[in-house]
Structure formats: C-alpha cells, structure tokens
Amino acid sequence: MTVSTPTDLLEVSHVAVRFGGLVAIADMTFSVAPGKIVSLIGPNGAGKTTAFNVITGYLRPSAGRVLFKGRDLTQMSPPEIAELGVVRTFQRTSVFNACTVLESVVTALHLRGTTELLGAILRRASVVAEEQRLHSEAEELLDIAGLSHRADAVAGTLAYGEQRLLALAMALAAKPIMLLLDEPAAGLNPSETQKFMELIRNIRDRGVTVLLVEHDMHMVMSISDRIVVLNNGQMIAGGSPQEIQNNPEVIRAYLGEGLTNVKG
Ligand SMILES: Nc1ncnc2c1ncn2[C@@H]1O[C@H](COP(=O)(O)OP(=O)(O)OP(=O)(O)O)[C@@H](O)[C@H]1O
Ligand SMILES: [Mg+2]
C-alpha cells in the first residue's frame, strides 16, 4: 500500500507493539515525505499514541524498525531522537507552571542540547550575549505561536487553549525537522482550532514536517497532505484526504456516514 521512496524522511516499517497479551500495533508500515502534513487517524485505542511512543523512543517495538533519514530510531533514547530533530508534544499538556510564558520557552531553548549551548557560549565568549540571543529567539517563537501578548503571564495561569499554544512554542524551541502532535486540538473551541490549523500550516510552510494525530475530522481533512488510517493496531488505508473520505473500509471502521467528529 505504502511504497517508500528514497526521499522519505520517516519510514515506519512492519512495526509491532505488544503489551503482554495485548497487541497494540499488529503490523504498521507507512512513510512520511519531507515538508508534508501527514495525519494518523483511527478510533480510540487504535494505536496512534503507541505509534508516537515508538517513533520518539519512549517504547521499543516488539518488531520492525523506524528509519529517520535512513537512521534506525528504535535503538535510540528519546533525547537522542529529539536531538536528531524528531520532536513531539504529548496528548496531555505539561507546562512549567511557575515560570512566565517567555521563561518557559527560554528554558525549552536551553534544553535543546548542552553541547550546542556550550558551543554557542564559547563562540560568543559571553554568557550574557547568549542569554540575550535565546530571549529574542523565544520572543520570535511566541510571535509565531500568537502568544506574544502573554509573554509575561505565569504559564500556569494561561487559559487551556493558550497552554496548548505554549506547548507548541516549546516544541518548536527544540528545532524540529519533524514535529509530532498528539491531539493538539482536543478541548479547543472552534475559533482556537481554526487558529491552530493555520499555525500548523505555517509551521509546515517553514519547512517542518508534521505528523498529526487528531480526532477533529474537519481539521484533519482540511490540513493533511496525506492520511494514514489505523484500526485495531493495523493500518487499513493510506491516501489523500479525498481518497480516505471515500474509502468504504475507513467509513465503516471510523468515519461513519458523513464525517462524524469523534473526540478522544
Ligand atoms: N503502556 C501500556 N500498557 C498496556 N497497554 C497499553 C499501554 N499503552 C497503550 N496500551 C493499549 O494499547 C492500545 C492502543 O493505545 P493507544 O493509546 O496507542 O491508542 P490511541 O489510538 O492513541 O487512542 P486514543 O485515540 O484514545 O488516544 C489500547 O488498547 C491501549 O489500552
Ligand atoms: Mg492517543
């Protein structure tokens, strides 16, 4: 079904995940081309978050491999994978409650890698200059996320939708080549969801490849370049939004008649 080409950024190949007797992912193969928004959809328990956990090194698969730029991620730790540029957000958001919004992003920039930070400090011969650079970089990321006006607010006091935006700004601080978003629109109102969609497009247009898990079908169908459908730990379809919407098996397993909007 999915023929990978040498230009694919990520290749998930025959991945299986078992938890004791439970098969969370039976046999999953799909690939992600650079510069695209690819969505992973399917019913609750289909294995979407498990797939993210495998790709980002939080889980070792029982079988199969995950190649990012040709390198196998399944033997690497989450920090090593993040350092390669594969960065995720979590289904449940966590932000540093006591910091301000700006400080949270500066902290995320610091976490990007001590070697890089040390190198930068040595090159500039000044910790102060490096701190200033990180501050302006953080301001730029808040601008992209549409959170500049909240820069000095304590992160823990942000409204839910703003916290999701902050989590995204912090993920961008890690300089992703590929960004994995697990249900970013869950719990957002329609206008926040709309803003989030534009933001994801903007991130893609800046050259970041996006792998998205989302139950909001309006969002999935309007922003995805390609969709992969999982059901019971198995990939049942892959294709363009139009192909997926018209696929009888996908309709039966997940979409139902007339694109229901199932929330996870
Ligand atoms: N750590 C774990 N231990 C045991 N079973 C697990 C674990 N993580 C996930 N599972 C099981 O694996 C299956 C896939 O779960 P997963 O969280 O990947 O689904 P999902 O597609 O992300 O669902 P949702 O849309 O509800 O977020 C489910 O049956 C789940 O109960
Ligand atoms: Mg999930």
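Both counts, for ligands and for their atoms, begin at 1 and track the order of listing.
- For the residue pair His218 and Gln194, no side-chain donor N or O sits within less than 3.5 Å of a side-chain acceptor on the partner.
- Not a single N, O or S atom of Thr50, from either the backbone or the side chain, sits less than 2.8 Å from the Mg ion (ligand 2).
- The side-chain tip of Arg88 points at the ring of Tyr58 from less than 6.0 angstrom away and within 45° of straight on.
- Judged as a salt bridge (Lys or Arg N to Asp or Glu O under 4.0 Å), and not counting sequence neighbours, the contacts of Asp225 are Arg204.
- Distances from atom 6 (C) of ligand 1 to the heavy atoms of Tyr58, Phe52, Phe19 show the closest one on Phe19.
- Residue Asn44 has at least one heavy-atom neighbour below 4.0 Å for each of these atoms of ligand 1: 23 (O), 24 (P), 25 (O), 26 (O).
- For ligand 1, the polar-atom distance check against Ala46 finds a nitrogen or oxygen pair separated by under 3.5 Å.
- Within ligand 1, counting atoms from 1 as listed, the ones closer than 4.0 Å to a heavy atom of Ala24 are 12 (O), 13 (C).
- Distance alone, capped at 3.5 Å, places no donor-acceptor pair between the Asp8 side chain and the Glu11 backbone.
- In this structure, of Gly45, Gly47, Gly20, Gly233, the residue bringing a heavy atom nearest to atom 23 (O) of ligand 1 is Gly45.
- Interface of Thr49 with ligand 1, defined as ligand atoms under 4.0 Å from a residue heavy atom, comprises 17 (O), 18 (O), 20 (P), 22 (O), 27 (O).
- A donor-acceptor distance shorter than 3.5 angstrom exists from the side chain of Ser62 to the backbone of Arg18, with no hydrogens or angles considered.
- Of all atoms in ligand 1, numbered sequentially from 1 with element shown, those under 4.0 Å from a heavy atom of Glu183 are 25 (O), 27 (O).
- Using a 4.0 Å cut-off to heavy atoms of Thr50, the atoms of ligand 1 that qualify are 9 (C), 14 (C), 15 (O), 16 (P), 18 (O).
- Residue Leu181 is tested with Ile203, Val87, Leu212, Val213 for a side-chain contact (heavy atoms from CB on, under 4.5 Å); the sole match is Leu212.
- With respect to Val12, the side-chain contact (heavy atoms from CB on, under 4.5 Å) criterion is satisfied by exactly one of Ile55, Thr29, Val228: Ile55.
- Here Val213 has no heavy atoms under 4.0 Å from ligand 1, in either its backbone or its side chain.
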